[in-house]
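Step one of this worksheet: look at the structure below.
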Amino acid sequence: MRSDLSILEELGASLAPAEDQPPADVRHRVMTGMRHPVGRPRLLSRLGGVHLAWKIGAPTVAAAAVAAVLVAGQPGGRPTPAPPVPGAGTRAGAGAAPKTPPGAEQVLLLAAQHAAATPTMSARPNQFLFIDSVEVESRIDVKGRTTVSGPLRTRTWLSVDGTHDGLVTQEAGSGKAPTRTHLDGCKNGRQAETIDRPETTPKVACTPEPAYRPGRVPTDADDLLAYVYSVAAAEPEWVSAGAGKDRMPTGFVRLSDDQRAFSEIAEMLYKNHLPAVQQAAFLAASRIPGVQLRHNATDAAGRVGVAVTRTEAGARQELVFNPTTYQYLGHNIIAAEFDLAGAKVVRSPNIGKGSAEFWPGPRPKPGAVIYKSALLRIAIVDKAGQRPG
Amino acid sequence: MAAVTRAAAGTDADTDAAVIRASLADPDRFALIYDRYAARLYRYAYQRVGPGIADDVVAEAFLAAFRGRASYDLDRQDARPWLFGILTREVAAHQRREQARYRALARSTHETVQDGPADQVAARVAAGAARGPLADALAGLAPRDRDVLLLVAWGQLSYDEVADALDIPPGTVASRLNRARRKVRKVLSEFDPTMGGDDEI
């Protein structure tokens, strides 16, 4: 009697390709994809991440070694959010968890008031939110020397309703052509899996992320808080705990959900400028345990402001505000002490979901700039690439 | 980077784990992983989703592997199960296409002339005729069961490697495989009672 497996193998053999190797252009695609920015469908995801992730495998990386955010290989859009699990003590009177110092909470409440008083611009679904900003980012070479580049003028066009193709352009510095990154819109529930080759990559399921319309991001502070915690739980992030003599990671530490939620809010503040969303985001941030106040923080445009910060795993996330009007100015990531005492270090993060950040060289010294992004203006325009008058 | 290259030039310099390690600091090294496994991944993807789509699936699987290489478990010298796991997720995005491929195969009839010893020809003709019902059975399997069955039958992975690739316990591999094989055998025995037996060991 013949085995079902051997019959199945024969069927497999009859379905096999005539050639052993895939077509040459597949190799070319892979090699090109390794050298060129490859991002995830979620525009500007991972804040510091996005921008750094775009630069993965860029020609300079091999020589200069930047802090590369390596996005795990899970295709598809954001997983269905898990039930919200905000950290204990995020609501008033919830008990022993660290309470927000009045200063930070007050600044966030004032920022929420400023957002509430900001008029909503009129925007049609097929228009674009134009975001004019500057970015500063650091590269660290294998000897630990940090080079800060920028401020680089960055212009972003995001689809008002999330279904149209957007664009990011960034000045590349002396004599170099600006980089242009196409952002595939979520059309009919599908979008290109990678942002660099929308024509040739398979489409994956997606949910539109409107940049200036009510959508998946709640405009209620409680709901928004639950939302960012659900994202934190669904998309964990690891940071390399250090590098050995061979400059390979010695282990990874998972960021707390509180830290992920805080950085998710920073990302949201860039991607969604609906005043109601911004107001809810500031109120939600005020309920995340462990936020602190910092005076005299400088944004990427050189403006001095007051910052609400949260520090963990060698990085201080800062939301910077105008110290008199409490208008939101931008987001900084500053290197901090990395205290591994009591941290759970794993050899490899769990692949399949989330992302891991890895420093090929020594970690930057506390106080060094890792990344800064400052908002200069926003406007509504008709086309991606069009500048407001 | 030269220092990294030298550091990796030790005795285990050419294991997959060593290459992936080196590729963290020197991304171009990852090309070697492609060259080692592209043929095997391509064959498997082509079998499951057919021409055209196979190109996309293989390219995306390698790029996903490249982006996720920091989380590769460096204790595993052989990257094949890891790559097949990523490939399986890419294939999953084309499930409808795959099912349509099997169904089309089930509908088509084949007249093939075979050379070789008479008993082998007879067996091949019988197996050829069984392709239709077999393809139909594959199309009807639960995706999780089909993944396990085809990683074993077409991907040539061991049970442990399948467990590794799909990140499931070996016991789950065994139960999914058994369930899939029961369905396949049922279809085969309905078609020809001499077919679809157990492995003769």
Side-chain angles (χ1 to χ4, degrees), chain A residues 1-12 14-17 20-23 25-27 29-31 33-35 38 53 56-57 61-63 65 68 70-76 142 193-194 200-202 204 238 240 245-249 252 347-352 356-358 360, chain B residues 1 4 7 21 24-28 30-31 34 38-39 42-43 46-47 51 54-60 62-75 86 89-90 93-94 105 123-124 127 130-131 134-135 149-150 152-154 167 181 184-185 188 194-200:
Chain A
M1 193 179 263
R2 302 191 56 230
S3 146
D4 52 318
L5 282 183
S6 71
I7 295 172
L8 195 54
E9 276 171 29
E10 280 175 36
L11 175 68
S14 74
L15 290 173
D20 282 348
Q21 293 290 336
D25 73 292
V26 174
R27 189 178 197 283
R29 261 173 74 180
V30 173
M31 297 306 132
M34 282 164 49
R35 288 190 189 97
V38 175
I56 286 196
V61 171
L70 302 161
V71 178
Q74 177 78 346
V142 290
E193 184 176 353
T194 53
T200 57
T201 55
V204 295
W238 283 266
S240 62
K245 278 186 186 161
D246 57 0
R247 298 198 283 273
M248 297 302 159
F252 290 86
R347 178 116 195 252
S348 311
N350 180 20
I351 190 179
E357 182 198 68
F358 164 58
Chain B
M1 287 311 103
V4 173
R21 235 168 106 86
L24 287 171
D26 181 2
D28 285 349
F30 202 79
Y34 179 91
Y42 179 62
R43 179 183 156 91
Y46 191 103
Q47 287 172 310
D55 295 8
D56 286 341
V57 165
V58 169
E60 290 306 321
F62 275 108
L63 286 171
F66 174 75
R67 295 194 294 270
R69 70 197 191 283
S71 53
Y72 180 76
D73 180 353
L74 295 170
D75 285 338
I86 295 168
R89 289 199 290 272
E90 296 292 338
H94 302 280
L105 191 66
R124 269 190 224 149
R131 281 165 37 139
L134 187 54
L149 179 67
L150 296 183
V152 170
W154 295 353
D167 197 20
R181 289 186 67 181
V184 166
R185 278 187 211 138
L188 287 175
T194 69
M195 285 185 160
D198 239 321
D199 291 306
E200 292 164 353

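A note on names: the letters A, B, ... follow the listed sequences, proteins ahead of strands, and every chain is numbered from 1.
Under the 4.5 Å side-chain criterion, counting only non-hydrogen atoms from C-beta, Trp154(B) is in contact with Leu11(A). No side-chain heavy atom of Phe62(B) sits under 4.5 Å from any side-chain heavy atom of Pro22(A). Between Leu149(B) and Leu5(A) the shortest side-chain heavy-atom distance falls below 4.5 Å.
Going from atom CG of Leu188(B) over to atom CG of Asp4(A) covers 6.5 Å, rounded to the nearest 0.5 Å. Between atom OH of residue Tyr42(B) and atom CD of residue Gln21(A) there is a gap of 10.0 Å, rounded to the nearest 0.5 Å.
The candidate with the highest count of non-hydrogen atom pairs below 4.5 Å against chain B, out of Pro17(A), Gly12(A), Ser14(A), is Pro17(A).
Counting non-hydrogen atoms of neighbouring residues, nucleotides and ligands closer than 6.0 angstrom, the CG atom of Asp20(A) reaches no more than 12 such neighbours.
Residues meeting the side chain to side chain contact (heavy atoms under 4.5 Å, CB included) test with Ala16(A), sequence neighbours left out: Arg43(B), Gln47(B). By the side chain to side chain contact (heavy atoms under 4.5 Å, CB included) test, Glu9(A) pairs with Gln156(B), sequence neighbours left out.
Closest non-hydrogen pair, Val30(A) versus Ala59(B), comes out as CG2-CA, 3.7 Å.
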Under the salt bridge (Lys or Arg N to Asp or Glu O under 4.0 Å) rule, what do Asp55(B) and Arg29(A) come out as? Steps first, then yes or no, please.
CA-CA 10 Å; Asp55(B) 295 8; Arg29(A) 261 173 74 180; over 6 Å; no
